[in-house]
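Heavy-atom basis, side chains included; hydrogens, waters and symmetry copies ignored. In the text below, chain A, chain B and the rest are named by the order of the sequence lines, each starting its count at 1. Source: prediction; values computed, not measured.
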Amino acid sequence: MRIASWNINSVRARLDLVDRFLKDYQPDILCLQEIKVMTELFPRDFFTERGYDHMAIHGQKNHHGVATVSRVPLASEDITNWCDKGDARHVRIGVDVASDRIFLDNFYVPAGGDVADREVNDKFGHKLDFMDEMIEWSSKLKESTILVGDLNVAPLPSDVWSHKSLLKVVSHTPVETDKMQDMLSAHDWLDVMRHITPAPERLFSWWSYRARDWRASDRGRRLDHVWASPQLKNSVKDCRVIEDARGWEKPSDHAPVIADFDF
DNA sequence: ATGGTCGCTAAGCGA
């Protein structure tokens, strides 16, 4: 089973790219973040026409929003209201594979604003609180689960183009990277991307729109993640970032991540 | 040290 995660930065603005991605990489399940559309206006027909007729959509007006589209049936669908804010940052589905039911959590963690200080930046506080809730949730999790999405934290020195330059930049500050480590420990999550591509090999999934030449400067960060419950460790077959998609016409600033499982 | 770019929805926000 191939599962993909992609922060699409508006699904409606990038249907051509989604079309190309589905054709070229044939994921069984695609988890999208930052769909930037209300649930009711999600382009359902586009996905149905391409065989992805099972959908769990959690959208809102303007910003954020996540959607999981699938060509295999969904056994369940759940939404959690993180930080009691009512914003659309998560959707969970269940899928029956072999004799087991696995769950797939699609997350869009708050970016956290510009200043890494919750006293002066509420958005940073929200991000830390959101991660704290994910730690608590992880510690109670019993089911076989795959967690994907834009977690907006690049945890390792080799997850950013310059560890030293980014230590005070939101996404790579010690308070965030420590908290992400606590999240991983809370469920003994397997960092699937690093399981396949161990540190210190360079591994990025996001490059800013503001670079003159994103590929030449290569100031990337690994903000997107695929994690798996420890009992799924032996099911992981492959995991890679499709960097090429960052260079497609009118791209998202995130590249998709693909993970292959053999359940 | 600073500003650099997107998409939403109609001036500024969130990223």
Side-chain angles (χ1 to χ4, degrees), chain A residues 5-21 31-43 46 57-67 82-83 85-90 106-118 120-131 134 148-155 159-162 164-173 175-177 180 204-225 241 243-257:
Chain A
S5 177
W6 196 4
N7 180 319
I8 195 66
N9 186 19
S10 171
V11 66
R12 290 178 297 179
R14 275 177 247 290
L15 284 178
D16 289 348
L17 279 76
V18 175
D19 187 42
R20 179 170 174 186
F21 179 72
C31 298
L32 295 168
Q33 302 89 35
E34 277 207 88
I35 58 175
K36 291 190 172 179
V37 63
M38 288 189 287
T39 303
E40 309 80 67
L41 295 180
F42 186 81
F46 170 91
I57 304 155
H58 188 189
Q60 67 177 82
K61 203 173 164 73
N62 277 2
H63 307 299
H64 320 318
V66 294
W82 301 83
C83 296
K85 283 185 91 91
D87 51 0
R89 295 185 177 276
H90 169 255
N106 177 2
F107 275 100
Y108 176 50
V109 173
D114 290 330
V115 183
D117 179 357
R118 68 180 308 153
V120 298
N121 172 16
D122 290 341
K123 291 202 277 278
F124 193 68
H126 179 212
K127 182 179 197 173
L128 298 182
D129 292 345
F130 197 103
M131 292 178 76
M134 288 179 75
V148 305
D150 177 3
L151 304 187
N152 267 314
V153 177
D159 291 334
V160 294
W161 64 276
S162 167
K164 193 158 175 273
S165 312
L166 289 173
L167 274 170
K168 291 182 177 171
V169 174
V170 173
S171 75
H172 194 61
T173 63
V175 61
E176 293 167 272
T177 57
M180 178 158 278
F204 306 151
S205 67
W206 173 89
W207 294 259
S208 171
Y209 281 128
R210 297 176 188 178
R212 284 195 190 90
D213 183 336
W214 71 275
R215 210 190 293 267
S217 56
D218 196 27
R219 294 187 168 190
R221 306 177 201 170
R222 184 169 71 110
L223 302 181
D224 302 275
H225 296 267
V241 178
E243 284 193 35
D244 193 46
R246 180 61 179 79
W248 293 350
E249 194 177 348
K250 293 251 293 168
S252 168
D253 45 356
H254 293 253
V257 184

If you assign each of A:A111 and A:R14 to its closest nucleotide in DNA chain B, which residue comes earlier from the 5' end?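 Looking at DNA chain B, the more 5' nearest nucleotide goes with A:R14.
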With DNA chain B as reference, determine whether A:R89 or A:R12 sits nearer its 5' end, using the nearest nucleotide of each.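 Result of the comparison: A:R12.
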Could you tell me how far [M] sits from [N] if I compare only their [atom1] atoms? Round to whole Å.
{"N": "B:dA15", "M": "B:dG3", "atom1": "C1'", "value": "16 Å"}
{"N": "B:dG14", "M": "B:dA10", "atom1": "C1'", "value": "15 Å"}
{"N": "B:dA1", "M": "B:dC13", "atom1": "C1'", "value": "25 Å"}

Taking atom [atom2] of [N] as reference, at what distance in whole Å does atom [atom1] of [X] sit?
{"X": "A:I35", "N": "B:dG7", "atom1": "CD1", "atom2": "P", "result": "16 Å"}
{"X": "A:K61", "N": "B:dG7", "atom1": "NZ", "atom2": "P", "result": "18 Å"}
{"X": "A:N152", "N": "B:dG14", "atom1": "CG", "atom2": "P", "result": "14 Å"}
{"X": "A:K36", "N": "B:dC13", "atom1": "NZ", "atom2": "P", "result": "15 Å"}
{"X": "A:D87", "N": "B:dG14", "atom1": "CG", "atom2": "C1'", "result": "12 Å"}
{"X": "A:Q33", "N": "B:dC8", "atom1": "CD", "atom2": "P", "result": "17 Å"}
{"X": "A:W248", "N": "B:dC6", "atom1": "CH2", "atom2": "P", "result": "18 Å"}
{"X": "A:I8", "N": "B:dA15", "atom1": "CD1", "atom2": "P", "result": "17 Å"}

Partner set under salt bridge (Lys or Arg N to Asp or Glu O under 4.0 Å) for A:R222, not counting sequence neighbours: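 Expected list: A:D159, A:D191.
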A:R246: what forms a salt bridge (Lys or Arg N to Asp or Glu O under 4.0 Å) with it, not counting sequence neighbours?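 In terms of salt bridge (Lys or Arg N to Asp or Glu O under 4.0 Å), with neighbours along the sequence ignored, A:R246 is linked to no residue.
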Would you say [X] reaches [N]'s phosphate, i.e. side-chain N/O to OP1/OP2 under 4.0 Å?
{"X": "A:H64", "N": "B:dC8", "result": "no"}
{"X": "A:S10", "N": "B:dC8", "result": "yes"}
{"X": "A:K250", "N": "B:dC6", "result": "no"}

List in chain and number order the residues that pass ring pair (Phe, Tyr, Trp, His ring centres under 6.0 Å) with A:H172, two or more places apart in sequence or in another chain; answer none if no residue qualifies.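 Testing A:H172 for ring pair (Phe, Tyr, Trp, His ring centres under 6.0 Å), a comparison that skips the adjacent residues, returns A:H163.
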Which pairs pass side-chain hydrogen bond (donor to acceptor under 3.5 Å, both in side chains) with one or both residues in residues 211-221 of chain A, sequence neighbours excluded?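 Counting only pairs at least two positions apart or across chains, the side-chain hydrogen bond (donor to acceptor under 3.5 Å, both in side chains) contacts touching residues 211-221 of chain A are A:S171-A:R221, A:R202-A:D218, A:W207-A:D218.
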I'd like a table of atom pairs between the protein and nucleotides 1-4 of chain B - only N or O on both sides, under 3.5 Å - with the distance next to each one.
{"unit_1": "B:dG4", "atom_1": "O6", "unit_2": "A:R210", "atom_2": "NH1", "d": "2.8"}

Would you say the side chains of A:H254 and A:D224 form a donor-acceptor pair under 3.5 Å?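 Yes - a donor-acceptor pair under 3.5 Å links their side chains.
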Check side chain to side chain contact (heavy atoms under 4.5 Å, CB included) between A:L128 and all other residues, then give those that pass, not counting sequence neighbours.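 Residues passing side chain to side chain contact (heavy atoms under 4.5 Å, CB included) with A:L128: A:R118, A:F124, A:V175, A:E176, A:K179.
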A:W6 and A:W248 aromatic ring geometry - parallel, tilted or perpendicular at 30°/60° bounds: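 Rings of A:W248 and A:W6: perpendicular, as their planes differ by over 60°.
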